[in-house]
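All values reported here derive from a predicted model rather than from experimental measurement. Convention: sequence-line order gives letters A, B, ...; per-chain numbering from 1.
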Amino acid sequence: MRAVGRTAGLALGADFLGAPSPLTAFYRLLPPSTAQLLLPMDDLQSDHLKAYGVAYRVVQAGLRAEWLLNYRGGSFLVPDGDAIRRDAALAGVRVEPVTDTQVTAIKGEIEASNMDAVPLEKAPKVAVYVPPNAPPWDDAVTMALQYAGIPFAKVWDPEVMAGGLRTYDWLHLHHEDFTGQYSKFYLIYAGAPWLGEMVRFNGAAARQLGFASVPELKKAVARGIRDYVGNGGFLFAMCTATETLDLALAAEGVDIAAAFADGTPMDPQADAKLDWSKALAFTGGHLEPNPQVASFSDIDGHQVNAGFRRQPLGAFKLFNFSAKIDPVPTMLVQSHRDVIPDFYGLTTSFMRSRLKPSITVLGDEEGAPWVKYVHGDHGKGTWTFFGGHDPEDQQHQIGDPPTDLSLHPHSPGYRLILNNVLFPAAKKRELKT
Amino acid sequence: MRRRARAPAAAEAAARRRPVNRPVPALAGVAEPGVYPRLTRGGSLWLVAAALLVVPLHSVRAQVIGEAVELERTGRHDRAAVVYLAVLRGEPTNLAALLGLERVLPPLGRLPELLPLVRRALARDSTNRAFRALEVRTLATLNEPDSAEDAARRWIALAPGDEGPYREWALALADARRFDEARAVLVAGQRALGGSRAGALAVELADLAARRGDWEDAARQWGRAATAAPDQLPNAAAQLVDVAPGQRDRVTRALVEDPSPVARRLGAELLLAWGDPARAWAVFEPAVTAAGSPQAAFALRRFADLAGARGTAEGRRVRALALARLADVVPQPVAARARADAARALLDAGDFAAARPVLERLAADSTAPADAQALANTALVEALIRQDDLDAATARLAAVGDRVPADDRAALGRALVRARIRRGELARADSALAGDSSVDAAALRGWVALYRGDLKAGADEFRAAGPYAGERRDAVERTAMLALMQQVRRDRFPELGDALLTLARGDSIGAVQALRLTAGQLTAEGQRGGAAELLLLAGRIAARPGAGPEEQRTAATLFAEVVRIGEGGGEGTGAAAPAAELEWARLLLRQLQALEAVRHLEHLILSYPESAVVPEARRELERAKGAVPKS
């Protein structure tokens, strides 16, 4: 097996049970054809999330697909063929055969409206940053990838430190605490066997890789990830990873970890010493000085575990962009719903006042001081941060059963995740090592 | 500096929290609305403090303390400290303010300010336990252990019979991880407090031992604590239940060999929690009935509840024994009820032989309350039915008369009918239903007709029963039979009735063979659809979980046959084939043949896209590919 999901699942598409994918192999035998299929992504679609998988596999097979931005919810236009129809039928994805005349009409409508047709040319190689000993929470992105049938590989600190990220086009971070404080879980879950194992495991990794402490290791990993983006990689981060990645980057050479993490208390002057020019998204944030408070900084708007500071959930609205002028943010917000119910995470949202001026806000809660979904460039690459843990589990607790996406095949929140997976396919690039 | 005074109501209103500020007008580029709850800028705070100085009323102070707690809650420790200090200026012995400062000063790095305030309070009330405890804690937190010890000793000298000083002193030492010294303090305290208070400080010693990982000592201390105060037993059990498996034997031995019956009861509860109900009862029973064992009835009821909560057969049996024992120690009418509960528990544990004499005794007890007698009689009839002694059950039901409520009698009557049907005594079942016009009776008459091969009458009765008779599972079963009979298209089919009765009597293999023969008859008549449905039913029976390899092979053969019939087309063949393919795939998955199962599921989805089972098939396909998350 080339790629293994968190729940011991089997990667779909390529290398199913060790055999080459019959689908992709069969595609290559198809004679050239002008017949096409439309995968609508409006309310007529029977499974929005799996539609991304169908589109991905078409591109993976070397065939050309198009992403019709803002057309019927961000539909896909793919070549018609038995194998593709078969894949869609098995996945329960609705397809509509379209004639040349219909395609012409569609393209005309796209031309005349705030829409665009973006070719998808290269299926990105996807990696998910996750430790080998799976922590007891679930990663919305790996669940989305498994459900859609998009293969992915797992990487962790040793791979990052060895430069292994260069072989991947797309990297996902979710629940990792790059400040090295184990998400401050000891405040709530002290004594839990999995937490003890996490501490032991990370400590061993730090020693093995030659770092004095776990916070130092995580900072080095954060720098490795930033360099990966700078060299042209695509980064998608959710939940704690968003805030802590930037804190780790800004805190180079500064002790921002509590004593339980590295044996020494946080530098009392840490706030003043942070260098936000090294971070990706945030600036001017203030660290949480109290190790007894389950919060990292004032970047997070909702402060879900900080007791009295916790803010109630609302809903966030996706922005409209010009598809022809700003195709990248347009791709990232493709959805059949503009307003999406919010959901908590250890980092749920990002305070506007802590955003760098250069970044693009993709979705926010109207009237609130925080935003939900942001995107930016760094060097030759791009990054996207999406606050919260699981779009279909508003208040996920450790130990809760994982979200079963077959019950949420139309999830607009999960569509945003999959937009990020597919968007690198729209660009041609070579990653420099 | 003087502050201008405002009316207290206005100050109160100004101090009230604002709600989260949403919605607000659209934000400018860098504008940030103040959305977090906040007070007006300091004004009300000084007014509150000023009010305290001017109007030293208890009611005002209580309200002000409430405001300070609210400030604390919103993280404004510095402002809360101001309020508490202001209160103490007017009332140096205000305990709520002192405790409030104990909470808010440490995050501000100002704890040393608390000590003189505590001592001032002590100067006014030297015997106040709370002040003494606060002094010891503060000194310990300030890392002045010698001073903390002095303070504790002064307290002991003032109150030699008080556990408090030893407790606070030991806690301070334990928090500094000086466990041995902490233990020495507690032991000294026990000695000083005398033999009549053997349980004194035992809870603290138990807690300390647990923190050190010495579970055997913790168990012994908990035994002493529970002996002195049996109310502590649930706390003791809650702490000790998490002991690692490697240490459980030592913990159990420490308690079971303790002369105190309460300590032995604690040991029994732990054995129960750790999955050994039989041994738990063997330890518990003599302990609870020993001389001097307090609260026996309460302990027996608690033990019975804990045993029942295990959910195992042995747990249920032990629960029954405890309830039976409870019946011996409580007066009537509670004893009768307990005896009835014990009998039910024995039935639930499957011990009919043990339950029957208990039930008969209770049923014959004319002094027992009416509901207990009804319970006993109902349970007795149920027990007789379960033991398949139907004639005795019928006689007993006839004899109980109105000692059992009418609804319960009717339910028992229907249970008897179902038992008769299962034995094939269709005529007796039918006659027992005579005159009963309920939907439940209609459902049972439907089955009787079906087993006699009268498909039309069976279908009519099932329709009359509707979805309301019995449980939901029963309604689904009847609906499935109706669907089957629609496909068979015969009014009478005795062979099918026999086959279904064979199934109802538990002979799966015989039923499968009989159903294959009936399918063959329908095939000969050209009823391919009906044949397919019968073969599908036979296949499902043969493929049931727990079936042996031979039956599973039979099931696969039957499913293949149904699929072939479906591929051949013909009226009524449409629904059975995809259903057979799905069942076949499920069988293959149970046989860990995922690849083959995937092949069938994909064939089903692609060949029968309109079939009602396609969503289930997709789900099974995902499961086969490992794409369904596991909880």
Side-chain angles (χ1 to χ4, degrees), chain A residues 1 4-12 16-17 19 46-47 50 53 82 85-87 89-92 138 142-143 145-149 191 289-290 292-293 298 301 303 306-309 311-312 314 351-355 357 364-370 399-406 409, chain B residues 17 19-37 69-77 106-109 210-211 242 244 594-596 598-599 601-610 614-631:
Chain A
M1 265 176 274
V4 177
R6 177 187 299 279
T7 54
L10 306 171
L12 299 178
F16 176 66
L17 290 180
S46 46
D47 196 323
K50 289 202 174 196
D82 287 344
R85 286 184 181 240
R86 181 179 187 276
D87 187 20
L90 289 175
D138 297 286
T142 56
M143 289 193 291
L145 292 170
Q146 282 188 304
Y147 183 74
N290 190 341
Q292 302 297 319
V293 174
D298 64 354
Q303 302 282 324
F308 51 84
R309 295 189 213 159
Q311 299 290 311
M351 294 296 284
R352 290 179 205 276
S353 58
R354 299 291 174 248
L355 300 176
D364 71 349
E365 182 177 338
E366 214 170 283
W370 46 72
D400 281 354
T403 298
D404 185 347
L405 286 179
S406 67
Chain B
R17 263 181 65 197
V20 174
N21 189 12
R22 84 158 63 99
V24 296
L27 299 172
V30 292
E32 179 187 14
V35 293
Y36 294 107
V69 170
E70 193 61 28
L71 285 166
E72 240 187 282
R73 208 182 64 79
T74 56
R76 283 158 181 75
H77 294 142
L108 300 171
R211 284 173 79 169
D242 289 329
L595 268 178
E596 194 59 21
V598 166
R599 193 176 68 77
L601 291 166
E602 290 184 347
H603 179 256
L604 189 173
I605 293 168
L606 295 171
S607 304
Y608 308 101
E610 303 301 320
V614 163
E616 277 183 80
R618 282 212 180 91
R619 186 86 175 132
E620 292 293 354
L621 186 60
E622 285 174 19
R623 202 171 276 131
K625 291 180 175 178
V628 174
K630 294 180 181 59
S631 297

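Atom-to-atom distance recorded for B:Leu606:CG and A:Arg85:CZ is 12.5 Å, nearest 0.5 angstrom. Interatomic distance, A:Asn290 CG to B:His77 NE2, rounded to the nearest 0.5 Å: 8.0 Å. Rounded to the nearest 0.5 angstrom, B:Glu622 CD and A:Leu405 CG are separated by 9.0 Å.
Contacts between A:Ala306 and chain B at a heavy-atom distance below 4.5 Å are absent for every atom of the residue.
Across all non-hydrogen atoms, the minimal contact from B:Arg619 to A:Ser406 is NH1-OG, 2.8 Å.
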